[in-house]
Amino acid sequence: MMYEANKIEKKWQKYWDEHETFKTDVWDFSKPKFYCLDMFPYPSGQGLHVGHPEGYTATDIVSRYKRMRGFNVLHPMGWDAFGLPAEQYAINTGNHPAGFTENNIQTFKRQLKMLGFSYDWSKEVSTADPKFYKWTQWIFKQLYEDGYAKCVDMPVNWCEELGTVLANDEVIDGKSERGGYPVIRKNMRQWVLTIPKYAEKLLEGLEKIDWPESTKEMQKNWIGKSVGAHVDFKIAGTDLTFTVFTTRPDTLFGATYCVMAPEHEYVDRITTDEQKEQVNAYKLECAKKSDLERTELNKEKTGVFTGAYAINPVNGKEIPIWISDYVLAGYGTGAIMAVPAHDTRDYEFAKKFDIPIIQVLEEVTGTPHEGETKKNSIVAILYDEENDKYLTVHWHEMGGRLFIGGTMKEGETPLDCATREIKEETGYKDIEFVHELPKINHHYYAYNKDKYFNIESTGFLFKLVSNVQEEQNLDDDEKFDLEWVDKDTIMAEVNDGLHKKTFEYALAPGAMEGDGIHIHSEFLDGLGKQEAIDQMIAWLEEHHVGKKQINYHLRDWIFARQRYWGEPIPIVHFEDGSMKAIDDSELPLVLPELEDYRPSKNGDSPLEKATDWVHVTVDGKKAKRETSTMPGSAGSSWYFLRYIDPNNDHEIADKKLLEHWLPVDLYVGGPEHAVGHLLYSRFWNHYLYDKGIVPVEEPFQTLRHQGMILGSNGEKMSKSRGNVINPDDIVKEYGADTLRVYEMFMGPLEASKPWDTKGVEGARRFLDRVYRYFMEEHRIREEENKNVEKIYHATVKKVTNDYETLNFNTAISQMMIFVNALYKEEFIPKEYAEGFIKLLSPVAPHIAEEIWHEALGHENTITYEAWPTYEESKLVEDTYTMVVQVNGKVRGKIEVNTNASKEEMETLAKEIENVKKNIEGKEIVKVITIPAKLVNIVVK
RNA sequence: GCGGGUGUGGCGAAAUUGGUAGACGCACUGGCCUUAGGAGCCAGCGCCUUACGGCAUGUGGGUUCGAGUCCCUUCACCCGCACCA
């Protein structure tokens, strides 16, 4: 009997359609609900590719499984229908994009039906349908009236090629996400949604949802919360004050200059006449650069002194104000205090422009002890460049391998001291000073003096110029060997905390950004980092020169595109510059048809050309419609709400229904939406929750990603690589069930994995075997067969658990094991046959329906049959294979009664020939016995 | 640079969460059946070794009777973010 997949599949697809098998009665609250959602596709002209069915099959399996477990399942599908290709089509042909979009939708729908997905098509929505976007516009209107949608003048991501502005997540490496065209910063009047107002809620919400950790982390980084302070600086000789944002107010005593962004509003006012020319030139240079160039040229710091000085509020010191493009106008206050000792960027800048560096935080090494004596000392590292070796002094049992060290004498500077110590201890005199390294606060115990010390140590790096060596000048107790050694030896052998740390500083000179204790900081001296931050903030607030401040990286969401094919923004502008949202009765505000869909070169929307549509009279006054449209992510930010009640024409959805059906229980889609769609829809949902429209804060309770399906060469599928697999072809040749089984069997859902045509054949072979076995006359009998009892129950258990946890690959593997076992048996009891076909049905629904009907004689669809159960008791065996190890190595196996005692196990283990051989003549140290598992005999 | 992730046979991958590493599938090899097999069925299949046995989960170390699994080190690749003060 031949398994004719295509015939069977057509038959059952027709049956499901005619019987409305998957139609969900959303008002039926008698059963527990399960809302199972896919990320809806953009209906492109290319149709479905093999990546789509991966996620869709996963949710389809869960939906079908949940139905059989008695859930009322909502499993809808729809279209993210606004987008560039349709607009491009309109531009090229002069036709309205709606027709093109509709055609594509029909293709997608045909393909999805062909794959046997159990969508309730009566819930279908399309974001480009006025009945749908009426409510997108309505939500926008609420946002506008609540002050979350604003029209502001701001620097935006402008893409010349696309003729539109883009949101931050649509810009990748300074290029547009779609098309890869260059994007520049440009000041424009723009609609924005103030998503940063929801930053904290969006951050907190992440704690409550079951999402992949990596995605949550990405959202956290994108929101980019940082806690710090605002500090006010007066400008010397003026009554101007500017504010900086810093996360490290504790280092304020170490601020040696300030930097403003070139665009900062004060720059022109504070620049002195002498500096004017340079400053203006620098500003011009920065303005010309695109974002891409700015980030590309980030190796070398640039900047110009303004001639003005700021007054440090904590100590009244005057410090120079510079401008530099390493300070961004759009983040914080657009100005910073620079602490080169404790910030890498400031350090680089200070080094380049020779600005002083003041260390105000010392790393602590060693362990503090009572009754310590304080000292100042040095650690000097001498480097021989030619041989790539460092000079060490080996004190042997008196302290091991160290660098040159010594205590500062009265009136001596650290540098003097270091130079002197090198000469005295080593005799080398032809040396060159390279770096002074950050000071370290070190605690130690000196054996020779029997005393505890607390020293402030300054590190130095010197270079050996020549080998000329004078005689050493040593004290009696200085007994050590001088040794030139390489870096690895030092890493391995220098154990002293102070010397080790000093060496690390020498290898990588720069800012000390870690924790430690404060110095040169008056009331902060001796405090650790966090304590000092708190104290400093308190001080600033007390003196009214600053306050605690939280900043977010998350920017306003640029919410307008100068394109045609999107939702019109429901706003009118009056001649006096005021504006207002149009009346609810005018929604939906439908897109007008145009002669010419091209964007204009000056950045105006194509809608400007629809003059009849644009010019209106509102409240008796002349007004002009907003001609920008909404971005693609507008409709997708709330579409999942609409599925619940797609035809409601007086609200976005019935409140009772939303209360019953939300949140989405399982949401599956690609990880590429981590900071776009998935953040925007959370934002809208939080907002609608706060307005009492939606009953839950977080829309998607559980989120899972599907991985990418690669071409058989392991590369991304693309036309140019010639490795694209078309699902239509696979279905034609092997059937939809085969495609479903194969894609689920390939590996874990979230992993990306290469396509393998031979693997598809394997999946088909499995279904062939299922079909042949179950469709053969004598195979299914009303009779017991003990041989399959255990494996049947094991299979029900494994498959059930795996469906719950979305481990479809191992579920299928278990079903294969079961079928392999069946082939060793003459027949299968009917009960087990029905149970197995039910297990199979979520993955391969057509073949399951066919066998359910033809071989098992049922009239109704299998869709709502009860899920099979298993008995734990049937899984326990009388005996098991006990493993016997000697010293952890497997030396024998033996069948043992499940209830055997530890003593019995041990006795049996020692009787095995190969075990005897391995323990013979040796002393048994210990025997580990794990009941119902193994015995490990440890011998000596 | 920062954050997240992944490294297991020729390949896709499993591994009850510390207890027989490589289930299942692909490829390969052999057998049966056949006029035939690119169908089907059965069996074998990590590496080295004739065997006994030894070696194996990116590298190196550690904890343990026992480590793919836990800890430290290091390398490679993938994905985000990137002068965010």
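Hydrogens, waters and symmetry mates are skipped; everything else that's a heavy atom, side chains included, is used. In what follows, every chain begins at residue 1, and chains take the letters A, B, ... in the order their sequences are listed.
B/G25 atom C1' lies 17 Å from atom CZ of A/Arg764, rounded to whole Å. Atom CZ in A/Phe245 sits about 6 Å away from atom P in B/A85, given to the nearest Å. In this structure, A/His264 places its NE2 atom 17 Å from C1' of B/C83, rounding to the nearest Å. Atom CG in A/Leu840 sits roughly 15 Å away from atom C1' in B/C24 (whole-Å rounding). Atoms CE (A/Met218) and P (B/C78) sit 16 Å apart, rounded to a whole Å. Atom CG of A/Leu678 and atom C1' of B/G80 are 14 Å apart (whole Å). If you measure from atom CG of A/Asn807 to atom P of B/U17, you get 14 Å, rounded to the nearest angstrom. Taking atom NZ of residue A/Lys753 and atom P of nucleotide B/U6, one finds them 14 Å apart after rounding to whole Å.
Note: A/Tyr823 and A/Tyr773 meet the aromatic proximity criterion, with ring centroids under 6.0 Å apart. Here the two rings, on A/Phe349 and A/Tyr257, have centers that are under 6.0 Å apart. In this structure, the ring of A/Tyr792 has its center no less than 6.0 angstrom from the ring center of A/Tyr870.
Here the separation of B/G44 from B/C78, taken at their P atoms, is 40 Å to the nearest Å. B/C45 and B/A23: their P atoms are spaced 10 Å apart (whole Å). Between B/A85 and B/C77, the distance separating the two P atoms is 29 Å to the nearest Å. Comparing the P positions of B/G68 and B/G7 gives a spacing of 15 Å, expressed to the nearest Å. Rounded to whole Å, the P atom of B/G58 lies 22 Å from the corresponding atom of B/G54. Atom name C1', nucleotides B/A21 and B/U69: the rounded distance is 11 Å, in whole Å. For the P atoms, the distance from B/G46 to B/G22 is 9 Å, rounded to whole Å. For B/G3 and B/A13, the C1' atoms lie 28 Å apart once the distance is rounded to whole Å.
Between A/Ile928 and A/Val938 the shortest side-chain heavy-atom distance falls below 4.5 Å. Contact check for A/Met39 versus A/Glu672: no side-chain heavy atoms found under the 4.5 Å cut-off. Residues A/Tyr282 and A/Pro262 have side chains in contact (heavy-atom distance under 4.5 Å, counting atoms from C-beta outward).
As judged by a 4.0 angstrom heavy-atom cut-off over every strand, A/Asn551 is placed among residues making no nucleic acid contact. The residue A/Gly224 sits apart from the nucleic acid: no heavy atom pair falls under 4.0 Å. Within the nucleic acid shown, A/Pro671 has no heavy atom closer than 4.0 Å to any nucleic acid atom. No contact: A/Gln814 has no heavy atom under 4.0 Å from any strand.
The side chain of A/Arg891 approaches B/G53 more closely than any other nucleotide in the set B/A85, B/G53, B/G66. The side chain of A/Asp343 approaches B/A85 more closely than any other nucleotide in the set B/A85, B/C24, B/C65. If you check B/G4, B/A13, B/A85 against the side chain of A/Thr246, the one that comes closest is B/A85.
OP1 and OP2 of B/C2 both lie 4.0 Å or more from every side-chain N or O belonging to A/Asn221. A sub-4.0 Å separation between OP1 or OP2 of B/C55 and a side-chain N or O of A/Lys889 is present. Side-chain N/O atoms of A/Ser226 include one lying less than 4.0 angstrom from OP1 or OP2 on B/A85. Between A/Lys933 and the phosphate of B/G19, there is no side-chain N or O to OP1/OP2 separation shorter than 4.0 Å.
In textbook terms, a nucleotide whose glycosidic angle is within 90° of 0 is syn, and B/G9 is one such case. For B/U20, the base adopts the anti conformation, since its glycosidic angle falls more than 90 degrees from zero.
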Protein-to-nucleotide contact annotation, 5' to 3' order, nucleotides 39-45 of chain B [B base; S sugar-phosphate only; - none; under 4.0 Å, heavy atom]: -SSSS--
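Closest-nucleotide positions on RNA chain B for A/Ile928 and A/Asp756 were compared, and the one nearer the 5' end corresponds to A/Asp756. Where A/Thr215 and A/Ile812 each meet RNA chain B at their nearest nucleotide, the meeting point lying more 5' is that of A/Thr215.
Contact of A/Lys758 with B/C11 (side chain to base): no donor-acceptor pair of N or O atoms is detected under 3.5 Å.
No side-chain donor-acceptor contact under 3.5 Å links A/Thr194 and A/Asp556.
Shown here is A/Lys352, whose NZ atom has more than 12 heavy atoms of other residues, nucleotides or ligands within 6.0 Å.
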Candidate pair A/Trp211 and A/Arg704, rule side-chain contact (heavy atoms from CB on, under 4.5 Å), full reasoning: CA-CA 7 Å; A/Trp211 282 26; A/Arg704 292 292 115 96; over 6 Å; no
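When each of A/Gln814, A/Arg769, A/Arg772 is checked for a side-chain contact (heavy atoms from CB on, under 4.5 Å) with A/Val819, only A/Arg769 meets the rule.
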